[in-house]
Amino acid sequence: MRAIRYHEFGGPEVLSLDSVPTLDPAADEVRVQVVAAGVNPCDALRREGLWGDRLPLIPGSDLAGVVTAVGSESGYEVGDRVFGTVPMLNVSGSRGDRQGTYAEEVVVRTDRLASLDDGISFAQGAAVGLVGCTAWRGLVEFGGLQPGGTCLIHGGTGGVGHVAVQLAAAMGATVVATAHPDRLDDLVAFGADHALDYADADALVAAVDALAHPPEVVFDHMFGAHAGVDIEVVAPGGSVVVIGGNHDQPRIPDLTAAIGKDVTIQPFDVFNLAHIDRVLHHLSTLLASGALTVEVARRYALDEAAAAHRAVVDERFVGKLVIEP
Ligand SMILES: NC(=O)c1ccc[n+]([C@@H]2O[C@H](COP(=O)([O-])OP(=O)(O)OC[C@H]3O[C@@H](n4cnc5c(N)ncnc54)[C@H](OP(=O)(O)O)[C@@H]3O)[C@@H](O)[C@H]2O)c1
């Protein structure tokens with residue numbers, strides 16, 4: 001089968017279209033014909049060698065497709081539509097994930113998968129896994145967001161952000177969100193009650209001051225840029241959940257303020273999630289009900305993976321990019 005691989009770390013040019021053997025599934029795995037594979041910024045960071053993986057490597061975590069072979073204990077049947085996300089941190093083998101998803105077929109453990117409703121496109125299924133699990137972990141698992149609560153979500157038109165805004169809105173939360181000033185209408189369309197410029201910290205402080213309750217949860221993917229305002233606006237006893245830094249060594253600018261408010265600062269990695277399949281199942285229900293829509297901004301052929309990697313880092317778009325092998 002055809003798959004994208006890299007044999008050395010480097011820029012997008014190290015991605016090559018290779019012919020690789022098709023694997024057979026173990027008892028708790030299935031083989032999936034990949035109809036769409038989601039592209040995430042971490043795929044590009046990994047390609048640059050940030051995590052020092054064993055090479056050669058097929059990149060990609062997210063997938064949607066059709067089951068073509070089943071392990072004896074998989075619980076799936078050939079022909080089932082599935083979607084999921086593979087924890088690439090463990091592709092070296094420690095938890096059994098064997099391949100990334102930029103390939104015509106991939107063998108995946110079933111606890112990384114869920115059924116894909118007939119009404120949901122493969123592109124949507126491939127786009128939702130990693131970002132949906134991240135949004136869920138940040139808002140619910142670590143943030144403890146309750147129905148009717150209040151949250152602040154930075155970058156609410158990005159891959160993670162646009163799903164987080166919709167999840168919070170579906171919970172009936174008051175959603176304050178930030179984005180580029182040209183994309184504030186998109187934030188409102190995703191369900192934000194207050195849409196603000198991500199570069200205007202004063203406007204954010206003023207908007208939060210005017211709320212009945214400050215946010216119990218602040219969801220930040222660029223902690224280096226926003227740490228100070230996050231701590232200023234989060235409710236006493238609240239949580240700032242952090243998925244990225246933006247600066248090499250993000251610092252807490254006012255530790256005294258954070259201490260004074262009993263703020264929890266919680267960095268986390270989506271792939272430490274214990275039950276990916278359960279969260280995927282909830283995301284599938286939300287997609288099928290229409291409460292969640294994943295924006296697929298652009299689609300690429302398998303041999304255009306390098307262009308997709310350039311775009312996911314350098315270009316601006318609302319939502320997600322997918323590769324369609
Ligand atoms: N820890 C984890 O488990 C985990 C999981 C998923 C993602 N991440 C990380 O989280 C980050 C976001 O991921 P993603 O998939 O959502 O990326 P993405 O789709 O590229 O979205 C990033 C968003 O950030 C916005 N942005 C740019 N400058 C900003 C600023 N100063 N303040 C706030 N927002 C700003 C961008 O808006 P414009 O393009 O409109 O300017 C874009 O909408 C990446 O660094 C990724 O590696 C970590």
Side-chain angles (χ1 to χ4, degrees), residues 37-48 50-51 59-62 85-90 126-143 152-167 176-187 189-190 192 195-204 218-230 233 240-248 250 265-274 276 279 283 294-298 308-322:
V39 179
N40 289 286
C42 62
D43 300 348
L45 295 173
R46 179 168 299 281
R47 187 206 66 232
E48 287 171 0
L50 195 65
W51 289 286
S61 291
D62 285 335
T85 192
V86 178
M88 288 291 287
L89 286 180
N90 306 299
V128 76
L130 188 152
V131 296
C133 290
T134 306
W136 184 87
R137 280 207 104 187
L139 291 173
V140 180
E141 182 182 350
F142 290 118
L152 163 63
I153 297 167
H154 286 295
T157 60
V160 176
H162 88 296
V163 172
V165 169
Q166 293 177 74
L167 285 187
V176 182
T178 72
H180 188 280
D182 290 348
R183 285 176 272 288
L184 301 185
D185 289 347
D186 293 301
L187 279 184
F190 293 136
L196 299 155
D197 177 354
Y198 56 46
D200 192 343
D202 291 341
L204 177 55
V218 175
F219 196 123
D220 194 350
H221 67 304
M222 289 192 171
F223 190 60
H226 303 299
V229 74
D230 290 351
V233 301
V240 179
V241 295
V242 178
I243 59 167
N246 190 38
H247 294 182
D248 285 344
I265 296 172
Q266 174 68 63
F268 72 92
D269 191 308
V270 60
F271 288 141
N272 293 319
L273 175 61
I276 290 173
V279 178
L283 294 169
V294 184
E295 288 292 321
V296 177
R298 289 180 218 157
H309 270 209
R310 287 188 189 94
V312 80
V313 173
D314 296 331
E315 295 176 20
R316 299 206 136 127
F317 51 87
V318 174
K320 297 284 301 173
L321 310 179
V322 298

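For ligands, and for the atoms within them, numbers begin at 1 and follow the listed sequence. No experiment lies behind these values; they were computed from the predicted model shown.
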Using residues 155-163 as the side-chain source, report each donor-acceptor pair under 3.5 Å to any protein atom, sequence neighbours left out, with the distance given to one decimal.
residue : atom : partner : partner atom : Å
His162  : ND1  : Gly158  : O            : 2.9
His162  : ND1  : Gly159  : O            : 3.0
His162  : NE2  : Glu295  : N            : 3.1

Starting from the N and O atoms of ligand 1, find every protein N or O within less than 3.5 Å and list the pair with its distance.
residue  : atom   : partner : partner atom : Å
ligand 1 : 1 (N)  : Ile243  : O            : 3.1
ligand 1 : 1 (N)  : Phe268  : O            : 2.9
ligand 1 : 3 (O)  : Val270  : N            : 2.7
ligand 1 : 16 (O) : Gly159  : N            : 3.2
ligand 1 : 16 (O) : Val160  : N            : 2.9
ligand 1 : 19 (O) : Gly159  : N            : 2.8
ligand 1 : 24 (O) : His221  : NE2          : 2.8
ligand 1 : 32 (N) : His226  : NE2          : 2.7
ligand 1 : 34 (N) : His221  : NE2          : 3.4
ligand 1 : 39 (O) : Arg316  : NE           : 3.4
ligand 1 : 40 (O) : Arg183  : NE           : 2.8
ligand 1 : 40 (O) : Arg183  : NH2          : 2.8
ligand 1 : 41 (O) : Tyr198  : OH           : 2.5
ligand 1 : 41 (O) : Arg316  : NE           : 2.8
ligand 1 : 41 (O) : Arg316  : NH2          : 3.1
ligand 1 : 43 (O) : Gly158  : N            : 3.2

State, yes or no, whether a side-chain contact exists between Pro267 and Phe223 at a heavy-atom distance under 4.5 Å.
no
For Phe317, the ring-ring contact (aromatic ring centres under 6.0 Å, His included) test, sequence neighbours excluded, returns none
*asked:* Looking at Ala203, is its backbone amide N or carbonyl O close enough to the side chain of Asp200 to form a donor-acceptor pair, meaning the two atoms are under 3.5 Å apart?
replied: yes
Residues passing the side-chain hydrogen bond (donor to acceptor under 3.5 Å, both in side chains) test with Gln266, sequence neighbours excluded, are none
Measure up the Phe268 and Phe142 rings against each other and bin them: parallel (under 30°), tilted (30 to 60°), perpendicular (over 60°).
tilted
